[in-house]
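Comments concern the structure below.
Reminder, nothing fancy here: chain letters follow the sequence lines and each chain counts from 1.
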There are 2 protein chains.
Amino acid sequence: MQVVVLGTGNVAYALGRAAQAAGHQVVQVYGRHLAAAAPLAAELHCTATDQLTQLYTNASIYLLAVSDNAIPLLAANLPQVEGIVAHTAGAVPVQVLEVATTRYGVLYPLQSLRKEKQDYASIPLLVDGSDAGTKSILVGFAQSISKLVAEADDAYRLKLHTAAVVASNFTNHLYALTEAFCQNEAVNFQLLSPLIEETAFRLRQFHPANVQTGPAIRGDEATIYRHLQVLNNHPQLQYLYQILTQSIQTMNHER
Amino acid sequence: MQVVVLGTGNVAYALGRAAQAAGHQVVQVYGRHLAAAAPLAAELHCTATDQLTQLYTNASIYLLAVSDNAIPLLAANLPQVEGIVAHTAGAVPVQVLEVATTRYGVLYPLQSLRKEKQDYASIPLLVDGSDAGTKSILVGFAQSISKLVAEADDAYRLKLHTAAVVASNFTNHLYALTEAFCQNEAVNFQLLSPLIEETAFRLRQFHPANVQTGPAIRGDEATIYRHLQVLNNHPQLQYLYQILTQSIQTMNHER
């Protein structure tokens, strides 16, 4: 299929490359600034533009890989195109695209994407479409890119997006606070890498609630007290330590 | 070296197996209950006992792989032994062992250990000893087991133990809450696995503070509001969502 990529961020890079790698042809990259669109276009051997009036109108799929806030205005300003218009956002309803065309949908990659290359085939893609035919085309396109494709309407996608914030953004924040603590206390943060990876990887085998360990679930108040003392110069982390310890104990009592 | 393992939990299994695999000889497993000690002893082809008076006294290393609270009493009740006595706890001072012998230390595995087999060579081992000679023997023993060995006194070990609780126990709790949310909302939690693993694995390349994404750091109040609505029937997770969103924004403003 011929694909036009609109956007120059991480999602645009990932989906553009993944489409090309799957044998599709990315024919054009649009960006608000030509300088931002040009590198991705060069990598994908296609043209770049910063003018919506210059957009090719006969591609099969138009991927709006731009920030959530930018989707409505971009959709409103699209020229009339033949292909399907799809956005890539978890928390944006599919219908914001109906201003652009009658055939629209969503292709939401449930992964933290970077400009650096990643294993695109293992990125879950959640697909929706304005009608059965459109959805079927987008599902086929998604399946050509990824092994993990699921259909997801607005409500399901929003739930997964919420879950992703908790399981990824919030855990990453805990990693960031831990690294800052380690740097301040001259402790080698890298020593924690095997533990962090194991904690994530064992989810393939175990339910997290069944492998919860640590002083909170043991009710080991002496260790909790020692840890809170260690965190005396780190009030933000000390506060979260208390909140999350309580939360573990609450969940444990309710099981 | 000849090793006696005291304890029958996950740490006892892991260190007993790892020692054997490294060419050491586990000669005895002690447990408060013979029925608990026997399976590990059988696996390691050695004797089991539930009587401290029956302990072999001429092994090189005695590993006290028991719960934090049990260490002082076990140390006080040990018979006089020739070898080094070492506990395996992150948050327990090394000196609690001086009641048992003059040569004592710590061998703290900074990993979430299970009874199932794991890659023991990649478990960081943090070592301390009552004197230079003892420490040197324990470091050598640790290096025969693991590629990742570091010396760590009480204060350093306690800091790492605190960091481990945040980076592992607390993140696991977020996974557990997310899975409970997904189960309640009929969302497939497994779709989040690639994202969770990527979030942990990218720490090899990136500082977590530099790859923080999501609505909190973007100040995307519209998405935060939508997520909080999705969490209306999950007050515990809704509360943590607010606390952690605030915490991300606080950290971001202070950078």
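- The candidate from B:Leu231, B:Leu174, B:Asn69, B:Val92 with the greatest count of non-hydrogen atom pairs under 4.5 Å with chain A is B:Leu174.
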Kindly determine whether B:Arg204 and A:Ser193 satisfy side chain to side chain donor-acceptor pair (under 3.5 Å), including the steps that lead there.
CA-CA 8 Å; B:Arg204 293 189 182 191; A:Ser193 294; over 6 Å; no
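- Put simply, of B:Leu191, B:Thr223, B:Ile123, B:Val211, the one with the most heavy-atom pairs under 4.5 Å next to chain A is B:Leu191.
- Heavy atoms of A:Val187 lying under 4.5 Å from chain B belong to its backbone as well as its side chain.
- Neither the backbone nor the side chain of A:Leu228 comes within less than 4.5 Å of any heavy atom in chain B.
- Residue B:Phe181 touches chain A through its side chain alone, counting heavy-atom pairs closer than 4.5 Å.
- Using a 4.5 Å cut-off between heavy atoms, A:Ser67 makes no contact with chain B at all.
- Neither the backbone nor the side chain of A:Ile217 comes within less than 4.5 Å of any heavy atom of chain B.
- Expressed to the nearest 0.5 Å, how far CG of B:Leu237 lies from CE of A:Met251 amounts to 9.0 Å.
- Both the backbone and the side chain of A:Thr213 come within less than 4.5 Å of a heavy atom of chain B.
- Evaluated for a side chain to side chain contact (heavy atoms under 4.5 Å, CB included) with A:Leu195, the options B:Pro124, B:Pro109, B:Ser168 yield exactly one hit, B:Ser168.
- Between the side chain of B:Arg226 and the backbone N or O of A:Ala91, at least one donor-acceptor pair lies under 3.5 Å.
- Side-chain polar atoms of B:Thr171 and A:Thr199 form no donor-acceptor pair below 3.5 angstrom.
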B:Asn188/A:Tyr156 under side-chain contact (heavy atoms from CB on, under 4.5 Å): CA gap, chis, key distance, verdict
CA-CA 10 Å; B:Asn188 180 1; A:Tyr156 194 93; 3.6 Å; yes
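- Between the side chain of B:Gln212 and the backbone N or O of A:Asn169 there is at least one donor-acceptor pair closer than 3.5 Å.
- Interface remark: A:Gln238 contributes no atoms to any contact with chain B (heavy atom separation under 4.5 Å).
- Note: B:His227 and A:His161 have tilted aromatic rings, judged against thresholds of 30 and 60 degrees for the angle between ring planes.
- Taking CG from A:Asn172 and CD1 from B:Ile248, the interatomic distance works out to 8.0 Å, rounded to the nearest 0.5 Å.
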Let's go through B:Val165 and A:Leu244 carefully: what are the C-alpha distance in whole Å and the side-chain angles of both, what is the deciding distance for side-chain contact (heavy atoms from CB on, under 4.5 Å) to 0.1 Å, and is it a yes or a no?
CA-CA 10 Å; B:Val165 166; A:Leu244 287 162; over 6 Å; no
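- A donor and an acceptor atom, one from each side chain of A:Gln236 and B:Thr250, are nowhere located under 3.5 Å apart.
- With a 4.5 angstrom heavy-atom cutoff, A:Gln111 touches chain B via backbone and side-chain atoms both.
- Interface residue A:Asp68: only side-chain heavy atoms are found under 4.5 Å from chain B.
- Here the CZ-OH distance, from A:Phe170 to B:Tyr241, works out to 5.0 Å after rounding to the nearest 0.5 Å.
- Residue A:Leu203 holds its CG atom at 7.5 Å from CD of B:Glu197, rounded to the nearest 0.5 Å.
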Should B:Arg202 and A:Arg114 be marked as a side-chain contact (heavy atoms from CB on, under 4.5 Å) after you check the CA-CA gap, both sets of side-chain angles, and the distance that decides it?
CA-CA 10 Å; B:Arg202 68 183 177 191; A:Arg114 303 188 303 260; 3.8 Å; yes
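- Highest contact tally toward chain A, considering only B:Leu177, B:Leu148, B:Asp220, is held by B:Leu177 [criterion: heavy-atom pairs under 4.5 Å].
- The residue among A:Ser247, A:Gly90, A:Ala186, A:Ala163 with the most heavy atom pairs within less than 4.5 Å of chain B is A:Ser247.
- For A:Ala180, the part lying near chain B is the side chain, with the backbone staying farther off; criterion is any non-hydrogen pair under 4.5 Å.
- Within the 4.5 angstrom heavy-atom criterion, atoms from both the backbone and the side chain of A:Val166 approach chain B.
- Of the listed residues (B:Pro194, B:Ala209, B:Gly214, B:Ala222), the one with the most heavy-atom contacts under 4.5 Å to chain A is B:Pro194.
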